Chemist: 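I have a structure I would like to understand better, so I am pasting it below and will then ask my questions one at a time.
Counting begins at 1 with the first residue of the sequence. Given the structure is predicted, the values throughout are model-derived calculations rather than measurements.
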Amino acid sequence: MNQLKKYYILRVVVSALFGIGFGVALLLLRPYAIEIFDILIIALGLLTAVMNLPGLYLAVKNIRRRGEWINCIISLLVVLLGFALMLMQKDYLLLLLGIYSVILPAVRVMLVERHAVQLKRELPHFFTGLVMVVIFIAEVEELIFLFGAMAAFSISVIYLVYHLVAAHFIFSEKQ
């Protein structure tokens, strides 16, 4: 039992130290936030293009179905937008992608019968689009690194305290 307690506490401490290390890294990288976000724009463009390729393939494959040509055009435009964002790295392209990522989930929620289920599925896409619009239009990259560091520190400390208290109760009852 003593070995289990040591393992549990070691795992909790290492996890908390990892979170604190992540916060320190965010603080140290804060002066390079603009460059890091430029790299993230390239990655976001590539991710957008690649994630929409299967939809484009399925739309082309099923082009004879009613209304599938609309899906094909939208998928093609998003793939092209992703590649354009990756290659040109322009803020207005990111704004278009952000607006698309906000509007598309809302349309999908309206088109289905079970709105609540679809809303749960689309919320991450909606918030991703909202973050893209706010961050890259407001150009507050360094501030985001500061808030990320504060969040990493706070979550790590809360995690550490919670699990140490839990360890005290878990391992005191079993002895």
Chemist: Check the hydrophobic clustering (I, L, V, M, F, W, Y; side-chain heavy atoms under 4.5 Å; chains of links allowed) and say if I144 and Y32 are grouped together.
Modeler: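 Same hydrophobic cluster.
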
Chemist: Rounded to the nearest 0.5 Å, what separation is found between the CD1 atom of I39 and the CG atom of L44?
Modeler: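 Reported value, rounded in 0.5 Å steps: 13.5 Å.
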
Chemist: First locate atom CG of L53, then atom CG of L76, and finally report the distance between them rounded to the nearest 0.5 Å.
Modeler: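 If I round to the nearest 0.5 Å, the distance is 10.0 Å.
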
Chemist: Nearest heavy-atom pair of C72 and V60: which atoms, and what distance?
Modeler: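 Heavy-atom minimum between the residues: SG-CG2, 3.7 Å.
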
Chemist: At what distance, to the nearest 0.5 angstrom, does CG of N52 lie from CG of L80?
Modeler: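 Spacing of CG (N52) from CG (L80) equals 10.5 Å.
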
Chemist: Determine, using the 4.5 Å side-chain heavy-atom cutoff (strictly less than), whether F18 and V24 are members of one ILVMFWY cluster.
Modeler: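 In one cluster with F18: V24, no.
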
Chemist: Side chain to side chain contact (heavy atoms under 4.5 Å, CB included) with A152: which residues, sequence neighbours excluded?
Modeler: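 For A152, the residues satisfying side chain to side chain contact (heavy atoms under 4.5 Å, CB included) (neighbours in sequence not counted) are F22.
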
Chemist: Taking atom CG of L164 and atom CZ of F169, what is their separation to the nearest 0.5 Å?
Modeler: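 These two atoms lie 12.0 Å from each other.
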
Chemist: Could you state the interatomic distance from CD1 (I9) to NE2 (H163), rounded to the nearest 0.5 Å?
Modeler: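 So the CD1 of I9 and the NE2 of H163 are separated by 12.5 Å.
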
Chemist: So, using ring-ring contact (aromatic ring centres under 6.0 Å, His included) as the criterion, who are the partners of F145 when residues are at least two apart?
Modeler: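 Applying ring-ring contact (aromatic ring centres under 6.0 Å, His included) to F145 gives F37.
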
Chemist: How close do A16 and L160 get, counting heavy atoms only, and between which atoms?
Modeler: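 So the minimum-distance heavy-atom pair works out to CB-CB, 3.8 Å.
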
Chemist: At their closest point, which heavy atom of A149 faces which heavy atom of L26, and how far apart are they?
Modeler: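 Reported closest heavy-atom pair: N-CD1, 3.5 Å.
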
Chemist: For atom OH of Y159, is the number of surrounding heavy atoms from other residues, nucleotides or ligands below 6.0 Å larger than 12?
Modeler: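 Check passes, neighbour count above 12.
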
Chemist: Is there a path of hydrophobic side-chain contacts, each under 4.5 Å between heavy atoms, that joins I155 and V161?
Modeler: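 I155 does not cluster with V161.
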
Chemist: Quick one: do L119 and H115 satisfy side-chain contact (heavy atoms from CB on, under 4.5 Å)? Show the steps, please.
Modeler: CA-CA 6 Å; L119 180 63; H115 300 293; 5.9 Å; no

Chemist: Write down the atom of F153, the atom of I20, and the distance for their closest heavy-atom approach.
Modeler: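 Distance-wise, the nearest heavy atoms are CE2-O, 3.4 Å.
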
Chemist: Any chain of hydrophobic side-chain contacts (each under 4.5 Å) joining F126 to M51?
Modeler: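 Result: no, two separate clusters.
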
Chemist: Applying the side-chain contact (heavy atoms from CB on, under 4.5 Å) test to V14, which of L17, V12, L10 qualifies?
Modeler: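 The passing option is L10.
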
Chemist: Please answer: with hydrophobic residues joined when any side-chain heavy atoms are less than 4.5 Å apart, are V50 and L87 in the same cluster?
Modeler: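 V50 and L87: one cluster.
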
Chemist: Between V78 and T48, which heavy-atom pair has the shortest distance, and what is it?
Modeler: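 The answer is CG1-CG2, 3.7 Å.
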
Chemist: Nearest 0.5 Å please: distance from the CD1 atom of I36 over to the CG atom of L29.
Modeler: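 The distance works out to 4.5 Å.
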
Chemist: For R30 and L146, which heavy atoms make the closest approach, and how far apart are they?
Modeler: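 The pair with the smallest heavy-atom distance is NH1-CD1, 3.7 Å.
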
Chemist: For a side-chain contact (heavy atoms from CB on, under 4.5 Å) check, start with the C-alpha distance between I73 and L77, then their side-chain angles and the critical distance, and finish with the verdict.
Modeler: CA-CA 6 Å; I73 291 173; L77 288 175; 4.0 Å; yes

